[in-house]
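Following: one structure in structure tokens, then a few remarks.
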Amino acid sequence: SSGHIKDQDAFFDRVLQESRYGDILFQKRLVQHESLNRINPDCINTLRVVTFAHDEQVSLDGCMLSIGPALDGTDSWSRGAMIARVDPETGRLSKYAFRKYSHGSEVLERHPKTGFPFQEGQIPDWDLIKHYLTQGALALRPLTSLGWDIVLSTHGPVMLETNDDWDCYFCQEGMKGLKNSETGHSILANFKVGDYRL
């Protein structure tokens with residue numbers, strides 16, 4: 001029929017002409033890496049890494065993987081997803097994943113849908129991710145502590161965003177306490193409030 005869309009260009013022309021929402025942004029769809037699909041294929045599972053930059057040194061050990069599905073099919077921890085700690089040296093997942101207190105404080109060894117044992121999980125391209133984050137943390141100084149959200153795609157790691165307000169409670173829960181981590185030591189040793197050093 002005359003209204004049939006025959007190719008990609010025609011599709012975009014139709015959408016742009018008929019949109020009631022003004023400007024539209026089209027982005028390429030991200031396809032999750034197969035190693036993450038084995039854990040949970042129902043949504044994109046994102047990596048959160050906290051970096052702490054002091055002088056020329058960058059601590060990188062507040063590392064967690066958000067694992068869906070949450071109640072709404074996302075990897076949002078606040079909506080019922082799980083978080084598993086990631087070893088900062090190897091990129092391997094910890095034995096256990098955790099749900100937030102308000103969602104039952106479950107401690108799980110396997111994904112409830114796929115049965116994947118979390119301790120067999122490995123973040124792909126881990127050395128490359130560490131390199132990117134170290135360079136990024138140094139480039140964004142004088143900001144000292146940043147939380148990075150990363151998608152592990154079939155084409156390599158994709159940086160979604162970085163935040164200076166990186167949800168300490170999320171990190172505390174995922175790391176089971178920051179005090180004894182390298183990031184925790186760095187923060188306690190270097191963070192100042194006025195004339196007082198914490």
Run Trp166 and Arg48 through side-chain contact (heavy atoms from CB on, under 4.5 Å) and show every step you take. CA-CA 9 Å; Trp166 40 261; Arg48 163 69 60 85; 4.2 Å; yes

Charged N-O contact under 4.0 Å between Glu56 and Arg141: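 Yes, charged N to carboxylate O under 4.0 Å.
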
Indicate yes or no: does Arg92 engage Asp87 in a salt bridge with an N to O separation below 4.0 Å.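 Salt bridge: no.
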
Within the 4.5 Å heavy-atom criterion, are [X] and [Y] side-chain neighbours or not?
X	Y	result
Phe98	Ser105	no
His111	Pro69	yes
Ser153	Val31	no
Ile129	His131	no
Lys113	Asp42	yes
Ser59	Val50	no
Ser66	Asp149	no

For a quick test of reading the model, state the closest non-hydrogen atom pair linking [X] to [Y] and the distance between them.
X	Y	result
Ser145	Phe52	CB-CD1, 3.9 Å
Phe118	Ala97	CE1-CB, 3.5 Å
Tyr96	Glu109	CE2-CG, 3.3 Å
Leu140	Thr162	CD1-CG2, 4.1 Å
Ala81	Ile67	CB-O, 3.3 Å
Ala137	Ala53	O-CB, 4.0 Å

Counting N and O atoms only, with roles assigned by atom type, does the side chain of [X] sit under 3.5 Å from a partner on the main chain of [Y], one being a donor and the other an acceptor?
X	Y	result
Asn40	Gly68	yes
Asn45	Cys43	yes
Asn163	Asp165	no
Arg99	Gly80	yes

How long is the straight-line distance from [atom2] of [Y] back to [atom1] of [X], given to the nearest 0.5 Å?
X	Y	atom1	atom2	answer
Gln135	Lys130	CD	NZ	13.5 Å
Leu138	Asp55	CG	CG	10.5 Å
Leu36	Gln122	CG	CD	10.5 Å

If two hydrophobic side chains count as joined below 4.5 Å and joins carry through other members, does [X] share a cluster with [Y]?
X	Y	result
Met159	Leu60	yes
Val158	Ile39	no
Val58	Leu133	no
Leu30	Trp148	no
Val86	Leu108	yes

Donor + acceptor pair across side chains of [X], [Y] (<3.5 Å):
X	Y	result
Trp126	Thr90	no
Ser35	His33	yes
Ser78	Ser76	yes

Under 6.0 Å from the CD atom of Gln57, do we count more than 12 heavy atoms belonging to anything else shown?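 Atom CD in Gln57 is not crowded, with 12 or fewer foreign heavy atoms closer than 6.0 Å.
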
Criterion side-chain contact (heavy atoms from CB on, under 4.5 Å) on Ile123 and Leu152, from CA distance to verdict: CA-CA 8 Å; Ile123 301 299; Leu152 308 158; 3.9 Å; yes

Among Thr46, Leu93, Ile83, find the one that has a side chain to side chain contact (heavy atoms under 4.5 Å, CB included) with Leu65.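 The passing option is Leu93.
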
Could you go step by step and tell me if Trp77 and Met82 meet the side-chain contact (heavy atoms from CB on, under 4.5 Å) rule? CA-CA 6 Å; Trp77 185 58; Met82 298 152 279; over 6 Å; no

